[in-house]
Protein chains: 2
Amino acid sequence: MGIPSDLEIATAASLRPLHEIADRLGIPQDFVEPYGRSVAKIDLDVLTAEGQPTAQRAKYVVVTAVTPTPLGEGKTTTAVGLADGLSRIGQTVAVTLRQPSMGPTFGIKGGAAGGGYAQVVPMDKLNLHLTGDFHAVTAAHNLLAAMLDNHLHHGNSLNIDPRNITWRRVLDVNDRALRNIVVGLGARIDGVTRQTGFDITAASEVMVLLTLATSLDDLKARLRRIVVGYAYDGRPVTADDLGAAGAMAVILKDALNPNLLQTIEGTPALIHCGPFGNIATGSSSVVADIVATRRADIVLTEAGFGSDMGAERFFNVKCRVAGLRPDAAVLVVTVRALKAHSGRFKITPGKALPPELLAENPGDVRAGIANLRKHIQIIEGFGIWPVVAINAFDTDFDSEHQVIRDLCTEMGVKCAVSTHVVNGGAGAEDLARTLVDALRTPSRFRFTYASDAHLTAKIEAVAKQVYGADGVDFAPPAAKALAEYERLGFGGLPVVIAKTHLSISHDPSLLGAPTGWRLPVREVRAAAGAGYVYAICGDMRTMPGLSSHPNAEKIDLVDGEIVGLS
Amino acid sequence: MGIPSDLEIATAASLRPLHEIADRLGIPQDFVEPYGRSVAKIDLDVLTAEGQPTAQRAKYVVVTAVTPTPLGEGKTTTAVGLADGLSRIGQTVAVTLRQPSMGPTFGIKGGAAGGGYAQVVPMDKLNLHLTGDFHAVTAAHNLLAAMLDNHLHHGNSLNIDPRNITWRRVLDVNDRALRNIVVGLGARIDGVTRQTGFDITAASEVMVLLTLATSLDDLKARLRRIVVGYAYDGRPVTADDLGAAGAMAVILKDALNPNLLQTIEGTPALIHCGPFGNIATGSSSVVADIVATRRADIVLTEAGFGSDMGAERFFNVKCRVAGLRPDAAVLVVTVRALKAHSGRFKITPGKALPPELLAENPGDVRAGIANLRKHIQIIEGFGIWPVVAINAFDTDFDSEHQVIRDLCTEMGVKCAVSTHVVNGGAGAEDLARTLVDALRTPSRFRFTYASDAHLTAKIEAVAKQVYGADGVDFAPPAAKALAEYERLGFGGLPVVIAKTHLSISHDPSLLGAPTGWRLPVREVRAAAGAGYVYAICGDMRTMPGLSSHPNAEKIDLVDGEIVGLS
């Protein structure tokens with residue numbers, strides 16, 4: 001792009017004092033706890049303290065995308081750049097984002113704090129420990145695991161079936177060797193031998209639980225309900241049964257407070273929690289959004305992957321739990337992604353893009369445009385205004401953008417080009433004005449399903465109404481589990497469908513807008529503590545590995561300065 | 001004791017603003033980074049910045065003890081109370097302590113921030129995440145482990161012998177089931193199958209390394225030298241060979257900055273690092289002591305267990321690495337410990353003390369006093385003044401204290417009674433005056449061995465001159481390893497003798513001052529990164545377990561307040 005590296009740009013940015021950032025949202029200093037000089041935590045007492053606002057006032061906007069290539073299409077950069085663009089045209093705005101997971105930073109991918117001139121700073125802290133929330137999740141999760149194995153060791157009075165334990169351990173590291181392990185080897189005093197494994201911390205149910213909790217009391221109630229496994233008689237065994245929920249809440253107490261940072265242009269950024277986008281909600285925290293929507297004119301929040309994934313869960317799970325009303329969705333699209341949906345190119349992370357994909361060819365864009373059309377329809381299905389944001393690359397051609405504009409005109413949808421990566425907030429001013437314009441017309445938000453619908457019906461509703469599947473095929477174990485969950489009282493929970501993000505269907509090879517297919521649900525699991533049931537449609541990896549030459553080999557500390565974090 | 005619980009006292013304490021605490025040590029605000037409202041990190045640039053002090057000015061005093069009972073004899077409370085006592089008589093003082101490990105807080109033992117009216121606050125933060133240093137150690141340690149297993153997975157070009165890997169993983173949790181595990185099960189893509197295990201984070205070599213590093217550059221150099229295992233040809237494989245040291249340094253960058261807290265009476269307390277006291281140095285960090293000794297009149301630092309353990313390593317390892325000159329040792333003694341050394345009582349943690357031990361009986365104290373005599377001699381052997389501190393309990397009798405006073409008079413050693421747990425700094429003023437008086441006469445510090453002595457000779461010197469053993473018996477594998485370490489260039493390192501802390505010998509049943517015994521060294525290992533060689537004399541547990549009803553079951557969050565942390 002001919003611009004400096006993300007780390008160079010972030011390091012060169014001059015940070016404003018955090019009290020100025022808090023001031024922009026009218027957060028009194030008493031509720032701002034500094035963590036180092038450039039990060040603060042917002043004390044959640046701000047939600048209940050006398051004289052503080054108590055209701056949503058902001059327009060609440062989710063930033064989502066078309067079905068991405070494996071490279072990602074720039075949702076985070078768009079959210080950050082657009083927030084800066086909105087600030088520039090006079091709006092009081094906050095952007096709320098997930099905290100990046102540290103493990104993958106040392107793997108193949110770089111950091112996730114935006115990029116170019118659309119970044120949250122300080123970028124190094126954001127990609128490392130930040131305020132330790134991920135570490136707190138790791139500690140709380142593993143305390144529960146230790147108490148569970150300790151219970152087996154000390155006589156197993158709860159009659160837990162060691163072959164039916166679902167609670168694993170977690171670490172925020174890409175470590176393939178920990179996926180499948182045997183614990184409790186050694187002498188009698190070294191515990192009960194059984195097979196289990198580690199997931200990455202972002203895949204922890206505790207992470208989703210922290211994301212969805214609305215208060216400390218709600219956090220504790222959700223922790224109590226965590227199911228760790230089943231007794232010999234099939235009864236679920238909970239964290240409450242093990243007496244672990246109180247200690248876990250103590251470990252997570254500070255982690256529930258959202259983190260306040262800033263964009264490189266000084267817009268408030270709340271960075272909080274980072275659950276997986278496949279098996280979990282893929283959203284930032286509910287509490288950060290509650291704080292922000294009571295104070296800003298516009299709150300932008302990112303949701304993982306395409307609108308079939310993150311935005312669907314944002315609407316059906318996050319907004320439901322938070323009691324917040326969404327107003328619009330910014331739908332990020334790239335020429336690259338639509339060309340890829342033509343099915344004419346193969347994109348592999350870590351390899352150069354095919355040169356033909358970079359040549360001017362509006363025909364390729366047109367061949368993939370069905371994907372954008374379908375995502376617009378998905379968002380409209382929620383009664384929400386989509387605003388199409390073309391995340392412009394310097395390899396784009398105007399003729400290619402025109403194909404996108406034509407579709408938007410045809411569908412009566414607002415559209416703008418944004419060049420935030422190269423130009424920062426100034427490059428997103430058009431998009432900002434387009435969004436403000438769209439927000440003038442009230443939305444008529446509706447959920448895909450009612451909370452009291454049957455779990456099976458909820459899954460079918462998402463598959464048919466959102467994805468466009470002809471129906472759902474439940475494998476026998478999945479059907480059995482769903483019936484069992486209804487019986488156990490989990491029937492009122494919302495659902496998450498764990499599937500590939502590379503297709504609107506469950507099959508990554510089905511590009512564009514697949515039709516004439518059925519969703520195969522292989523297995524269903526309950527995250528009773530976090531508060532959702534998830535249907536598994538494909539192989540979900542919950543512990544990444546490192547490549548043969550991981551990024552960690554390039555990351556270094558030279559004269560006290562971090563290098564290689566990208 | 002008839003006083004409120006530690007948590008109640010700590011919660012009731014009114015904290016002074018941290019900038020006032022930093023002011024007491026003349027640390028400019030630019031170098032004080034707040035982490036929340038009651039904890040700060042001190043930027044290590046304060047050591048090299050223009051205009052800042054560059055040399056030791058403080059009297060440097062280690063707080064050690066007689067051979068403790070399994071209950072501990074109150075070194076931390078004495079260090080904290082004495083620091084407050086010194087403050088009260090007009091000294092500028094800092095106390096430097098280890099950070100407690102979070103895992104055991106949820107096990108059987110309570111927190112370790114002192115106790116009663118001799119505590120460091122905030123007690124809850126201290127016993128939980130504090131500023132995340134332990135989490136950073138966990139992350140850096142486990143990144144190296146992941147890179148090691150990943151290297152095996154991607155073809156093992158370094159020819160590492162999977163049967164000769166010494167690097168395990170760590171977590172800050174008491175989890176017996178993780179002591180011995182098999183990793184790398186599953187499919188081909190899930191890594192190489194081998195047996196390994198987890199230690200508690202406090203037992204990580206990275207923790208000791210962080211404790212002993214004198215600067216960021218030194219930290220990185222030590223990280224590079226970590227030996228993770230051996231190649232098929234016997235060559236040691238290092239973190240540097242795996243390309244991991246730079247990334248580990250990045251993870252540990254902020255963790256090297258000492259944490260500033262305060263006692264409940266407002267004395268500066270630097271809480272930093274917490275390595276194990278058996279296999280490692282059992283001391284707080286070198287950098288915290290370098291910062292403190294350049295600024296205070298007196299710096300008190302605690303070293304783990306009795307003077308044969310923590311103080312010996314403080315003198316021979318920590319002072320050597322830090323380049324600091326020690327001036328005195330406060331030797332904590334309790335009536336309880338000396339009665340226990342009579343061999344007439346059995347003390348079991350979690351059970352009530354035998355009633356006969358609590359009855360007035362100076363004869364029992366006299367029967368155990370050889371232990372105190374030996375510890376006085378150990379300290380004098382370093383050319384250092386011992387000051388005996390009687391940590392008074394309300395079950396003590398004056399006739400029993402008199403036995404201790406008589407021995408001190410006989411040996412020409414200063415002695416004072418301290419009641420800091422009940423009376424805070426006021427209860428330690430006598431001890432404070434006694435220490436100040438002792439510090440008027442310069443000490444003539446000497447190491448037990450020269451750095452260039454042979455490793456075998458170093459171990460023999462400690463065993464004979466410090467412990468009073470007749471000699472050392474090296475098991476054949478130990479002798480072989482020592483010869484190999486000399487060949488590999490580790491000969492210049494200091495030694496740590498890993499043995500029980502319940503006897504001056506290697507045998508916990510030998511009370512008082514054992515004579516006529518030889519030290520059996522079963523095994524020798526190198527912590528080449530941290531920078532020492534350790535000789536193992538007994539079974540060292542490096543991953544604790546939880547009891548049948550761990551403390552975690554009682555710890556809870558009630559109306560947003562922590563309860564049950566004791």
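Sequence lines set the chain letters: A, B, ... in the order given, protein chains first and strands last, and positions in each chain run from 1.
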Check your understanding: What's the shortest heavy-atom distance between B:H154 and A:R176, and which atoms?
Key -> NE2-NH2, 3.7 Å

Revision key, fill the gap. Nearest heavy-atom approach of B:G103 to B:D172 is N-OD1, 3.0 Å

Got a list of side-chain donor-acceptor pairs under 3.5 Å for residues 244-258 of chain B, not counting sequence neighbours?
{"from": "B:D254", "atom 1": "OD2", "to": "A:K125", "atom 2": "NZ", "distance (Å)": "3.2"}
{"from": "B:N257", "atom 1": "OD1", "to": "B:L44", "atom 2": "N", "distance (Å)": "3.2"}

Review point. When only pairs under 4.5 Å are counted, which of A:V182, A:L128, A:V558 shares the most heavy-atom pairs with chain B?
Key: A:V182

Check your understanding: Between B:V173, B:L178, B:T196, which has the largest tally of heavy atom pairs under 4.5 Å with chain A?
Key -> B:L178

Practice item. Between chain A and each of B:D43, B:D124, B:L152, B:D175, count heavy-atom pairs under 4.5 Å; write down the option with the most. Key: B:D175

**Study point:** Contact winner vs chain B - A:A552, A:G564, A:P550, A:G186, heavy-atom pairs under 4.5 Å
**Key:** A:A552

Revision key, fill the gap. Looking only at B:I189, B:T138, B:T193, most heavy-atom pairs under 4.5 Å shared with chain A are made by B:I189

Revision key, fill the gap. Assert top hit (heavy-atom pairs under 4.5 Å, partner chain B, pool A:L143, A:L216, A:D149) equals A:L143

**Study point:** Closest approach of A:P100 to A:F134 (non-hydrogen atoms, all atoms of both residues)
**Key:** O-CZ, 4.0 Å

**Study point:** For chain B, the option from A:A146, A:G191, A:G243, A:G197 that forms the most heavy-atom pairs under 4.5 Å
**Key:** A:A146

Review point. Cut-off 3.5 Å, side chains only: do B:D133 and B:N259 have a donor facing an acceptor?
Key: yes

Study note, to complete from the structure: Whatever's closer than 4.5 Å to a heavy atom in chain B on A:R179 counts as side chain

Practice item. Look at B:I181, B:N150, B:V39 and state which one has the largest set of heavy-atom pairs under 4.5 Å with chain A. Key: B:N150

Exercise for review: Would you mind checking which part of A:R194 comes under 4.5 Å of any heavy atom in chain B, side chain (CB onward), backbone (N, CA, C, O), both or neither?
Suggested key: neither

Check your understanding: B:G545, B:A139, B:G36: which one forms the most heavy-atom pairs within less than 4.5 Å of chain A?
Key -> B:G36

Exercise for review: Compare every heavy atom of B:L546 with every heavy atom of B:N174, then report the nearest pair and how far apart it is.
Suggested key: O-CG, 3.4 Å

Revision key, fill the gap. When every non-hydrogen atom of A:D218 is compared with those of A:T214, the smallest separation belongs to OD2-N, 2.9 Å

Exercise for review: Side chain from CB out, backbone as N, CA, C, O: work out which of these in A:M147 comes under 4.5 Å of a heavy atom of chain B, or both, or neither.
Suggested key: both

Review point. Under a 4.5 Å heavy-atom cutoff, which of B:H153, B:K41, B:E553 has the most pairs with chain A?
Key: B:H153

Exercise for review: Using the six-membered ring wherever Trp is involved, compare the ring planes of A:H135 and A:H129 and label them parallel, tilted or perpendicular (cut-offs 30° and 60°).
Suggested key: tilted

